[in-house]
Number of protein chains: 2
Amino acid sequence: MQDRITTILKAVADPTRREIFHALVVAATALPITQISSQFDISRQGITKHLKTLEGAGLINIDTKGRERFCQANANPLKEVNQWLKFYEQFWDGALDDLSKYLDNMS
Amino acid sequence: MQDRITTILKAVADPTRREIFHALVVAATALPITQISSQFDISRQGITKHLKTLEGAGLINIDTKGRERFCQANANPLKEVNQWLKFYEQFWDGALDDLSKYLDNMS
DNA sequence: TTAATATGCAACTATATGGTTGCAAATATA
DNA sequence: TATATTTGCAACCATATAGTTGCATATTAA
């Protein structure tokens with residue numbers, strides 16, 4: 001197959017998947033597939049495919065309870081993207097501004 | 001088309017494009033297409049396609065001089081990815097560790 | 001037990017993607 | 001001028017991707 005970082009980047013490169021992931025993150029709880037798909041215009045099967053891709057990237061965990069499958073966001077794989085990015089930070093403009101903003105958020 | 005962040009993420013979601021981009025970043029200078037493609041196993045036309053995708057994402061600038069086209073990396077679009085990521089940082093584990101590593105790098 | 005709900009699987013479609021080869025055109029060199 | 005180099009364009013191919021519909025199955029509720 002492909003390496004982890006590629007799998008993760010491909011998962012978040014699709015706008016619908018980013019929306020699904022975001023919805024699950026802000027929900028801050030596990031949601032069954034039907035409930036997720038009710039928030040989108042595409043079919044439940046379309047959503048299911050996206051959920052599988054997200055699961056493959058580790059960005060969601062799916063837990064079966066009875067006939068329902070609860071999906072919960074897991075942001076941890078994004079740490080790998082962050083790590084990949086970090087190297088290039090020295091090559092983009094305004095890195096110092098980013099640091100001060102970063103520190104402002106912490107105080 | 002698609003929004004900027006999607007264009008950028010799709011550009012870096014391909015491992016070959018990440019390699020090309022990385023080669024240009026570390027080269028720290030503009031390189032002509034033939035020279036870039038000599039570093040890869042795929043054809044020059046394959047490389048050209050990737051370069052166009054990277055250019056479309058703003059990750060490289062192409063400057064024509066005579067018959068050659070010099071490509072130079074531009075990491076700035078990655079700031080948008082960083083901004084997108086930043087929101088999810090609060091949801092992943094070990095954010096404080098990341099901060100201390102970040103500060104260590106600065107000192 | 002019967003009906004409703006939640007889901008998976010499979011088949012199918014259209015388009016995008018990553019790659020190729022062949023050829024023409026522009027520029028540089030002998 | 002004749003030749004070599006660098007590139008773009010176009011056509012083509014195989015596979016991946018994003019989406020669909022139809023149907024079967026498992027679980028829950030009436």
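All chains are named by letter (A, B, ...) in the order of the sequence lines, taking the proteins before the strands, and each is independently numbered beginning at 1. Because only heavy atoms are used, hydrogens play no part in the values below, and waters and symmetry mates are left out as well, while side chains stay in.
- Taking atom CG of A:Leu9 as the reference point, atom P of D:dA16 lies 19 Å away to the nearest angstrom.
- At D:dT17, none of the side-chain N or O atoms of A:Arg17 fall inside 4.0 Å of OP1 or OP2 (strictly under the cut-off).
- D:dG19 atom C1' lies 15 Å from atom CZ of A:Phe40, rounded to whole Å.
- No option in B:Asn74, B:Leu31, B:Leu54 other than B:Leu54 meets the side chain to side chain contact (heavy atoms under 4.5 Å, CB included) test with B:Ile60.
- One atom, CG of A:Leu54, and another, P of D:dA18, lie 10 Å apart when rounded to the nearest Å.
- For B:Arg44 and D:dG8, a side-chain-to-base donor-acceptor distance below 3.5 Å is present, hydrogens and geometry of angles not being considered.
- If you take CG of B:Asp14 and P of D:dT15, they are 17 Å apart, rounded to a whole angstrom.
- Side-chain N or O atoms of A:Arg17 include one that pairs as donor or acceptor with a backbone N or O of A:Ala11 at under 3.5 Å.
- For B:Lys52 and D:dC9, the shortest distance from a side-chain N or O to OP1 or OP2 is below 4.0 Å.
- Residue A:Thr48 is the one, among B:Gln45 and A:Thr48, whose nearest nucleotide of DNA chain C lies closer to the 5' end (criterion: closest heavy atom).
- In this entry the distance linking CD1 of B:Ile33 with C1' of C:dT27 reads 14 Å, nearest Å.
- Ring pair B:Tyr88/A:His22: centre-to-centre distance below 6.0 Å.
- Residue-level contact check: A:Thr34 touches the backbone only, with heavy atoms under 4.0 Å from sugar-phosphate atoms and none from bases.
- Atom C1' of nucleotide C:dT17 and atom CD of B:Gln2 are separated by 12 Å, given to the nearest angstrom.
- We find that CG of B:Leu51 is positioned 14 Å from C1' of C:dG18, with the value rounded to whole Å.
- A donor-acceptor contact under 3.5 Å is not formed by the side chain of B:Arg67 with the base of D:dT6.
- Between A:Ser43 and the phosphate of D:dT20, there is a side-chain N or O to OP1/OP2 separation shorter than 4.0 Å.
- Backbone-only contact: A:Gly66 has heavy atoms under 4.0 Å from sugar-phosphate atoms and none from a base.
- No contact: A:Lys65 has no heavy atom under 4.0 Å from any strand.
- More than 12 heavy atoms of other residues, nucleotides or ligands shown are found within 6.0 angstrom of CD on B:Gln39.
- To the nearest angstrom, C1' of C:dT27 lies 14 Å from CZ of B:Arg69.
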Intermediate values then yes/no, side-chain hydrogen bond (donor to acceptor under 3.5 Å, both in side chains), A:Arg44 and A:Ser38: CA-CA 8 Å; A:Arg44 174 183 58 86; A:Ser38 72; over 6 Å; no

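- Across C:dT20, C:dG18, D:dG19, the shortest atom-to-atom separation from the side chain of B:Ile42 is found for C:dT20.
- Place B:Ile62 and A:His50 on DNA chain D by their nearest nucleotides, and B:Ile62 ends up nearer the 5' end.
- Judged by closest nucleotide on DNA chain C, A:Glu68 is the one of A:Glu68 and A:Lys10 placed further toward the 5' end.
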